[in-house]
Protein chains: 2
Amino acid sequence: MATAFKTSASTRDRMIEEARALFAERGFYGVSIAQIAAELGLTKQALLHHFGTKERLYGLVLEQIAGELAGLKASSEPGTDAARQLQDWLVAMISDTPPRIERSRLLMREILDNQVRAERAGSWYLKPFLGELVTMLRGVPGWSGASDAQLRATVVQLLGAVNYHAVSGPTFRGIFGTEAAQAMNDIFASQLRHMVHAVLAAGPEA
Amino acid sequence: MATAFKTSASTRDRMIEEARALFAERGFYGVSIAQIAAELGLTKQALLHHFGTKERLYGLVLEQIAGELAGLKASSEPGTDAARQLQDWLVAMISDTPPRIERSRLLMREILDNQVRAERAGSWYLKPFLGELVTMLRGVPGWSGASDAQLRATVVQLLGAVNYHAVSGPTFRGIFGTEAAQAMNDIFASQLRHMVHAVLAAGPEA
DNA sequence: GAATCCCCTTACCGGTTGGTAGGGACGTTG
DNA sequence: CAACGTCCCTACCAACCGGTAAGGGGATTC
């Protein structure tokens, strides 16, 4: 039939998409499955039919995000040097598109919350990602001699610089106004690239 | 009486203290007033007696934190140059003591959540703080010519680098183990100082 | 055309939420 | 000793939470 192309995202996919947006906005405890379903014109039992529990739905959103993070690395051209690759990777994490902002916000929330419900072990989704960042940083000229602790601390600081922006966006818009926030938004990526370069070029502490 | 010195923090103060710890750990929606009260061996009605609503209690915690942030600036010696003052201020935000970690975590949560319940306007607590950081950055040699957007973007990036650590601490402990997390903790402050120096010395993007 | 499966519904469950009503123990003040 | 304010309690409320049970409509399969 004619639906072969349009394929109009399955209900299940739309549920995950909506859940991702709402979890990012209000957090796991701040959203009820009934609200997610209502946003799609359905009842919460439709959600439970597909995912069984709220936790499982949340886990699938997290899985999707972990997959995206892994995919980001491949987007960097293989010929470039380690410093440039790392720079590209970090900058690729941000951007204005809603799914990416949601990703940063959800990641921040997961990091904040997962100690509470650590049994779900959502944090392990991040482990390979962090490991690769550390490995890549070690390959940057001047950083090969740094300790693991130094490399990890630096990676954390860089991730913070990258993700804080997406998280604080709405607050800054409220404080400085829409147009000022937009101006900051426009130059954020290039300023971030500049900053990462400065940090990498300086090397670890002596 | 003999209680003049000990003064054993009033119930009200202990409530705010406990609320601060729990809100930082689990977020506004993740904690019930009954849980806060139970932690002190009281019932939730004791809390409601003192604060009326959960929101008001949360607001008082936020107020306390805003006061601390304002006080941090004064701790820097007045004789030093702008770059050093900014460095000192940012480094002063972190540290291992529980109240400071709570502060970073709570601030991050507030930034994440306040778009949802913006009417409470908790974000405005941050406005003077951010304004002062921007002003101070403009005073750093090489940065006087930067645009407002550049200054703000850089401040956001630096704040992210500072606060992400406190937020991600427990998750990293889970991933890398206690001793590795401790090692990272031990060098974090000096590595952060080094990083801030590198960013300030590089100046804004041309 | 009967059976089956998929998707989603209404109805309901026990438990928890923030908040209200009212009272009792205690110290202070007249 | 009576009145009062402070502080905290038990009892209760409607609303909402995540999840279970059971069934109906519609397409597919035999």
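Naming: A, B, ... by sequence-line order, numbering from 1 per chain.
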### Summary
For A:A180, the side chain to side chain contact (heavy atoms under 4.5 Å, CB included) test, sequence neighbours excluded, returns A:F176, B:R152

#### Entry: Qualifying residues under side chain to side chain donor-acceptor pair (under 3.5 Å), relative to B:R138, sequence neighbours excluded
B:D148

### Query
chain B on DNA chain D: first and last contacting nucleotide, 5' to 3', under 4.0 Å to a heavy atom?
D:dC7 to D:dA11

### Message
By the 4.0 Å heavy-atom rule, please label B:A46 as base, sugar-phosphate, or nothing.
### Response
sugar-phosphate

### Task
For the helix from C:dG1-D:dC30 to C:dG30-D:dC1, figure out the bend between the end axes, five pairs an end, and round to 10 degrees.
10°

### Message
Tell me every residue that passes side chain to side chain contact (heavy atoms under 4.5 Å, CB included) with B:A37, counting only those two or more places apart in sequence or in another chain.
### Response
B:L42, B:L47

### Carboxylate-amine/guanidinium contact A:R20 A:E68, below 4.0 Å
yes

### Query
Rounded to the nearest 0.5 Å, what separation is found between the CD atom of B:Q35 and the NZ atom of B:K44?
11.5 Å

### Message
Expected output is a numbered-order residue list: members of residues 33-42 of chain B with a heavy atom under 4.0 Å from any atom of DNA chain D. What is it?
### Response
B:G41, B:L42

### Task
Using the test ring-ring contact (aromatic ring centres under 6.0 Å, His included), find all partners of A:F23 that sit at least two apart in sequence or belong to another chain.
A:F28, A:Y58

### salt bridge (charged side-chain N to carboxylate O under 4.0 Å, His left out) partners for A:D81, two or more places apart
none

### Task
Calculate, to the nearest 0.5 Å, the distance between atoms CD1 and CD belonging to A:I65 and A:E110 respectively.
9.0 Å

### Query
More than 12 heavy atoms of other residues, nucleotides or ligands under 6.0 Å from NE2 of A:H50: is that the case?
yes

### Query
Where the side chain of A:R14 meets the backbone of A:L40, is there a donor-acceptor pair that is under 3.5 Å apart?
no

Table please: side-chain donor-acceptor pairs of residues 181-193 of chain A below 3.5 Å, with sequence neighbours left out.
{"residue": "A:Q182", "atom": "NE2", "partner": "A:D186", "partner atom": "OD1", "Å": "3.0"}
{"residue": "A:N185", "atom": "OD1", "partner": "A:H165", "partner atom": "NE2", "Å": "2.8"}
{"residue": "A:N185", "atom": "ND2", "partner": "A:D96", "partner atom": "OD1", "Å": "3.4"}
{"residue": "A:S190", "atom": "OG", "partner": "A:I187", "partner atom": "O", "Å": "3.2"}
{"residue": "A:S190", "atom": "OG", "partner": "B:E205", "partner atom": "OE1", "Å": "3.0"}
{"residue": "A:Q191", "atom": "NE2", "partner": "B:T154", "partner atom": "OG1", "Å": "3.3"}
{"residue": "A:R193", "atom": "NH1", "partner": "A:D88", "partner atom": "OD1", "Å": "3.0"}

### Task
Find which nucleotide of DNA chain C each of B:G52 and A:H49 is nearest to by heavy atoms, and output the residue with the more 5' nucleotide.
A:H49

### Task
Please find the earliest and latest nucleotides of DNA chain C, in the 5' to 3' direction, that have an atom within less than 4.0 Å of any heavy atom of chain A.
C:dC7 to C:dA11

### Query
For A:T97, what residues pass the side chain to side chain donor-acceptor pair (under 3.5 Å) criterion, not counting sequence neighbours?
A:S95

### Query
Who are the salt bridge (charged side-chain N to carboxylate O under 4.0 Å, His left out) partners of A:E132, not counting sequence neighbours?
A:K73

